[in-house]
Amino acid sequence: MASVSSQPQFRYTQPPSKVLHLRNLPWECTEEELIELGKPFGKVVNTKCNVGANRNQAFIEFADLNQAIAMISYYASSSEPAQVRGKTVYLQYSNRQEIVNNKTAADVAGNVLLVTIEGADARLVSIDVLHLVFSAFGFVHKITTFEKTAGFQALVQFSDAETATSAKNALDGRSIPRYLLPDHVGPCTLRITYSGHTDLSVKFQSHRSRDYTNPYLPVAPSAIDGSGQFTVGLDGKKLEPESNVLLASIENMQYAVTLDVLHMVFSAFGTVQKIAMFDKNGGVQALIQYPDVATGVVAKEALEGHCIYDGGFCKLHISYSRHTDLSIKVNNDRSRDYTIPNIPMVNTQPSILGQQPVPSMTTPPSHQYTGPQYPPAEQLQQQQGVMPPQPSGGSGSGWGSTVLAGPPQSMPSQMMHSHHHPYMPPPGTVTMPSQIGPGTGMMQLPIQSSLQAPQTVTPYRPDHMQ
DNA sequence: AGCACA
């Protein structure tokens, strides 16, 4: 028996049903819109949207058959067709008597999105690019990526379902903008549903998973350059191996950046063991040593492209150094070993020697940044004769509520000259990373810039999606 | 623009 023939799919008059079939709906029509549409005619007890290959069909089920009839009758004789978002919607009785709702997690709005990246090169889309794309809609808490039969997928966690929905509506079916991808990577289309998850479990920061709410989360061994392998960066270029020693260069150095300023900024991420500053290529660079690679990675992530001072002044560019342990011979205004409190203090030439040779270390002690607004530090110190007193490690210093993460107690008091130093801009203008959440007890400086959109990255505009 | 667990 061919039961199909007894119920032709298309005909002008379907037998009435309290279920209505809608077609020609705008893309990604929501349940709310369906309910709005049906509400004037009765009680909508169930809906199903995004039906069909094009996901532009839907069903509305009324509580009562007469309500469905009322809706069909109204639009049958109305001069105005049924519309959703200005688009004409065609209605008819469904050939079924009720909506069978196999609501999967994918249909229930939640704060976590399941993203499938389609395309031959989907695997080459980095977690950083995904983060950038989804951050356009709100703070992204966590991302995990994985491979399944469906291909390369990611779970993206937002604060709430509303934010997730806005991202889903804007991005589902769209392609990642070309300029966010390396040249050799082909088009990558995003297919997005909701995930059943509400809170992802991210144990490590790695190339597969990130927790942006917790910059102190340990970096996974797999993401650390354990076997000499290189990780692939946002632009697909190979990056230097991660290191506990960072090389920071300072761009647009309108204000002098002192050793103490660097110490404070970098201490936000962990104990700074050593700092060495030197002049290179007409600018100032510094090597900053942490106890471990994980801290270096987090600090680099957070501070890259970050400006120490408001107004785009003293922008940091950070790379991993090949050094693992700096050899600081003397403590002076350009080099400091915070782990050894009593090495001799010499106020002359910097002496920085890592385990590997550092090129062009012999530089004149001149300050080459453009338009220094304050006299060089050495002159000041010599004029003053005495070093300013040590900040009390938290309160009362020129930096207000700064709580240094490192062990300042190991420092001889005469080493410190950050107390309301005339060499620095007024207290409170240092721009600190915003990722440091409350309760970490690390740092509570005024927060004036967001790391969600590093200045080094082309501003991402969701409306430029293809 | 044409009926849903894929």
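All figures in this text were calculated on a predicted structure; none of them were measured in a lab. Order of the sequence lines fixes the chain letters, A, B, ..., with proteins taken first and strands second; residue numbering starts at 1 for each chain.
- Residue-nucleotide stacking is not present for A:Tyr90 and B:dG2, judged by a side-chain ring centre under 5.5 Å from the six-membered base ring centre and planes under 30° apart.
- Comparing B:dA4, B:dA1, B:dC3 by their closest approach to the side chain of A:Asn24 singles out B:dA1.
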For A:Asp211 and A:Lys203, run salt bridge (Lys or Arg N to Asp or Glu O under 4.0 Å): C-alpha distance rounded to whole Å, both residues' side-chain angles, the deciding distance at 0.1 Å, then the answer. CA-CA 8 Å; A:Asp211 181 345; A:Lys203 301 278 198 304; over 6 Å; no

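- Near DNA chain B, meaning a heavy atom under 4.0 Å away, there are no residues from residues 66-80 of chain A.
- Under the 6.0 Å cut-off for aromatic ring centres, A:Phe41 and A:Phe62 do not qualify, their centroids lying 6.0 Å or more apart.
- If you take OH of A:Tyr93 and C1' of B:dC3, they are 16 Å apart, rounded to a whole angstrom.
- Checking A:Gln273 against A:Gln289 by side-chain atom types alone, a donor-acceptor pair falls below 3.5 Å.
- Within the 4.0 angstrom heavy-atom criterion, base atoms lie near A:Glu98.
- Separating the CZ atom of A:Arg55 from the P atom of B:dA1 is a distance of 18 Å, rounded to the nearest angstrom.
- The distance from atom CD1 of A:Ile99 to atom C1' of B:dC3 is 11 Å, rounded to the nearest whole Å.
- A donor N or O paired with an acceptor N or O is not found under 3.5 Å between the base of B:dG2 and the side-chain atoms of A:Gln57.
- The aromatic ring centres of A:Tyr212 and A:His131 sit less than 6.0 Å apart.
- A salt bridge between A:Asp325 and A:Lys274 is present, with a side-chain N of the basic residue lying under 4.0 Å from a carboxylate O of the acidic one.
- Mapping A:Ser94 and A:Asn50 onto DNA chain B by nearest heavy atom places A:Ser94 at the nucleotide closer to the 5' end.
- The nearest whole Å value for the distance from the CG atom in A:Asn56 to the P atom in B:dC3 is 10 Å.
- At whole-Å resolution of the value, CD in A:Gln14 and P in B:dA4 are 12 Å apart.
- A:Val19 comes within contact range of no nucleotide atom at all, as no heavy-atom separation falls under 4.0 Å.
- If you take CD of A:Gln92 and C1' of B:dG2, they are 6 Å apart, rounded to a whole angstrom.
- Of the charged side-chain nitrogens involved, at least one lies within less than 4.0 Å of a carboxylate oxygen, so that A:Lys142 and A:Asp199 count as a salt-bridged pair.
- When each of B:dA4, B:dA1, B:dG2 is scored by its nearest atom to the side-chain atoms of A:Arg96, the top-ranked nucleotide is B:dA4.
- Per the geometry, CG belonging to A:Leu20 stands 20 Å off P belonging to B:dA1, to the nearest Å.
- Rounding to whole angstrom units, CG of residue A:Asn101 and P of B:dC3 are separated by 18 Å.
- Classification of A:Glu147 and A:Arg123 as a salt-bridged pair holds, one side-chain N sitting under 4.0 Å from a carboxylate O.
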